[in-house]
Amino acid sequence: MTAGTAKTASSSPLLDQYVPLLGAAEVDELRALARPLVGRHIQMVNSTAVGGGVAEILTRLLPLMGELGLAVSWEVLAGAQDFFEVTKAFHNALHGDRYEAKQEHFDIFLAYNERNRRLLRPDTEFTVIHDPQPAALIEARENHSGHWIWRCHIDLSRPNPAVWGFLEKYVTRYDGAIFSSPAFARQLPIPQYLFFPAIDPLSDKNRELEPDFVRAVAESYGIDTKRPILTQISRFDRLKDPVGVVRAYRIVKRYFDCQLVLAGGSASDDPEGSQVLAEVREAAAGDPDIHILELPPSAPVEVNALQRASTIVIQKSIREGFGLTVSEALWKKKAVVAGAVGGIKIQVIDGVTGFLIHSIEGAATQIAQLLRDRRLRERMGENGYEHVKQNFLLTRHVKDYMLAMLAMEHPGESVVHFN
């Protein structure tokens, strides 16, 4: 991956396209909030242009902010294998995994952050640094210029002390920090904001599809649409526990003639993906009803179709920052069985929009209950759709950013702090 400006999708949405879905008042409010910010330059920095939820959000977010008159750019951190191996270890450690701190790892992290300083524009009014990978870029700030925000997308409720202690001294130098759940907030001397991540209902991954097309896509992967389909859409990552999903499916399979689809890809900043994929293939060996699909980032319509073809969607994460695949499934009126961790607990209201689970056996039990009860699946699907519409759509995400920026420009007038 080389550093540079990331490209947004060519089929970018326009604000007026959201009016039939959300109403004119919602869009008018965005335009009113944007007026004091017109012309402000906002620089987003993250570690990958494709793969993963951050890149996906930014691809859809930036065009809407641009239409509102904000000058938004997106820069991608340059890093080699050694850097991403270190940041993946940091990522897992911040989620609570055991980690043996080595000075060599901290040195690699700082060296790549130093090399990437050239990405930054000194005249930017707002700089938003996403996640730990580029956190030390705050060192490039000159004379406290502009407003700097650290946007944390991961679960920091139980971080490894050594890694968090290292990062904290950089985070505290920002003007504010954004978290996806109150449970992730840390004791910091800077303002903290609560932003739920969001999906774009008009994107190829979430827009309506014709049933015949959905069926054709599923069948093209060898999936039988006449039998129940259990699906997990996620990167092949141990924290998503795809092997646990296979084990839960095998329990359910004793009683229901169902199929399992595990579909996902990898991100350029995640070097473990191929290892996990091999583990999943080994766990699934010998069962033709388990479909393991390695999809490129350029397959959002296929992901959409697979979710819509599903009987139940699973997200058996054991750690999770938010897990937007849950909102994607709820938007498509699918009942979800998901790990009771991180931001998933904000999306899945247990017994209302899906079931929260804590074990492989618990997942199997709830999947079996939903397979037995079609009306329950449908009721949860309708509830989930409304929950996402009210809380997890892209237009609300744009609004959150603008409110935070206005709060920073006018301290003391904000209503979005939760610290």
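These values consider heavy atoms only, across backbone and side chains, with no hydrogens, waters or symmetry-generated copies. It should be emphasised that the depicted structure is a prediction, and the values quoted were computed from it without experimental measurement.
With sequence neighbours left out, the side-chain contact (heavy atoms from CB on, under 4.5 Å) criterion links Leu376 to Phe355, Gln369, Leu370, Asp373, Arg379, Met380. For His397, there are no side-chain hydrogen bond (donor to acceptor under 3.5 Å, both in side chains) partners two or more places apart in sequence or in a different chain. Take Val398 and apply the side-chain contact (heavy atoms from CB on, under 4.5 Å) test, not counting sequence neighbours, and it matches Leu30, Leu61, Leu64, Met65, Leu68, Met402. Remark: Ala183 pairs with Ser181 by the side-chain contact (heavy atoms from CB on, under 4.5 Å) rule, at least two apart or across chains. Applying the side-chain contact (heavy atoms from CB on, under 4.5 Å) criterion to Asn391, with sequence neighbours excluded, gives His387. Partners of Arg158 according to the side-chain hydrogen bond (donor to acceptor under 3.5 Å, both in side chains) rule, which considers only residues two or more places apart in sequence or in another chain, do not exist here. Take Glu378 and apply the salt bridge (charged side-chain N to carboxylate O under 4.0 Å, His left out) test, not counting sequence neighbours, and it matches Arg374.
The local environment of CD in Gln187 is sparse, with at most 12 non-hydrogen atoms from other residues, nucleotides or ligands closer than 6.0 Å. No more than 12 heavy atoms of other residues, nucleotides or ligands lie within 6.0 Å of NZ in Lys102, so this atom counts as exposed by the packing criterion.
A donor-acceptor pair under 3.5 Å is formed between the side chain of Asn383 and the backbone N or O of Val352. Thr48 places a side-chain N or O within donor-acceptor distance of the main-chain N or O of Val50, the cut-off being under 3.5 Å. With hydrogens and angles ignored, the 3.5 Å screen pairs no side-chain donor or acceptor of Asp200 with any backbone N or O of Leu394. Proximity of a side-chain donor or acceptor of Arg40 to a complementary backbone N or O of Met405 within less than 3.5 Å is not detected. Side-chain atoms of Arg117 never come within 3.5 Å of backbone atoms of Leu137 as a donor-acceptor pair (strictly under, hydrogens ignored). With hydrogens and angles ignored, the 3.5 Å screen pairs a side-chain donor or acceptor of Asn113 with a backbone N or O of Phe109. Checked by atom type and distance alone, the side chain of Tyr174 pairs as donor or acceptor with a backbone atom of Ala135 at under 3.5 Å.
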Identify all side-chain donor-acceptor contacts of residues 214-222 below 3.5 Å with residues at least two apart in sequence or on another chain.
from   : atom 1 : to     : atom 2 : distance (Å)
Arg215 : NH2    : Asp212 : OD1    : 2.3
Ser220 : OG     : Val217 : O      : 2.5

N/O donor to acceptor pairs below 3.5 angstrom from side-chain atoms of residues 91-99, sequence neighbours left out:
from  : atom 1 : to     : atom 2 : distance (Å)
Tyr99 : OH     : His105 : ND1    : 2.8

Query raised in the report: Under the side-chain hydrogen bond (donor to acceptor under 3.5 Å, both in side chains) criterion, do Arg151 and Ser180 qualify, and how do the steps go?
Result: CA-CA 9 Å; Arg151 192 347 177 176; Ser180 299; 2.9 Å; yes
Query raised in the report: So Ser234 and Gln315, side-chain hydrogen bond (donor to acceptor under 3.5 Å, both in side chains) or not? Walk me through it.
Result: CA-CA 8 Å; Ser234 279; Gln315 187 56 59; 2.9 Å; yes
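Residue pairs meeting the side chain to side chain donor-acceptor pair (under 3.5 Å) criterion with at least one partner in residues 300-312, sequence neighbours excluded, are Thr231-Ser310, Asn304-Arg308, Gln307-Glu328, Gln307-Lys332. Within the structure, the ring-ring contact (aromatic ring centres under 6.0 Å, His included) test picks out the following pairs touching residues 298-354 (sequence neighbours left out): Phe322-Phe392, Trp331-Tyr385. Sorted by first and then second residue, the ring-ring contact (aromatic ring centres under 6.0 Å, His included) pairs with a member in residues 20-72 form an empty list; sequence neighbours excluded.
Using a 4.5 Å heavy-atom threshold, the side chains of Leu167 and Val163 count as touching. Using a 4.5 Å heavy-atom threshold, the side chains of Ile178 and Cys152 count as separate. Contact annotation: the side chain of Ile154 approaches that of Pro132 to within less than 4.5 Å [non-hydrogen atoms, C-beta and beyond].
The CG atom of Leu230 sits 4.5 Å away from the SG atom of Cys258 when rounded to the nearest 0.5 Å. Taking CZ from Arg238 and CD from Glu279, the interatomic distance works out to 4.0 Å, rounded to the nearest 0.5 Å.
Judged purely by distance below 3.5 Å, without hydrogens or angles, the side chains of Glu386 and Gln390 never pair a donor atom with an acceptor atom. With 3.5 Å as the limit, one finds no donor-acceptor pair spanning the side chains of Thr87 and Gln133. Side-chain contact of Ser145 with Asn143: a donor-acceptor pair under 3.5 Å is absent, judged by distance alone.
Both cation-pi conditions hold for Arg115 and Tyr112: the charged atom is under 6.0 angstrom from the six-membered ring centre and inside a 45 degree cone around its axis.
Taking the six-membered ring for Trp and the full ring otherwise, Phe106 and Phe90 have centroids separated by under 6.0 Å. Checked against a 6.0 Å centroid threshold, the rings of Phe195 and Tyr401 count as neighbours.
Ring orientation note: the planes of Trp150 and Phe179 are nearly perpendicular, at an angle over 60° on the 30°/60° scale.
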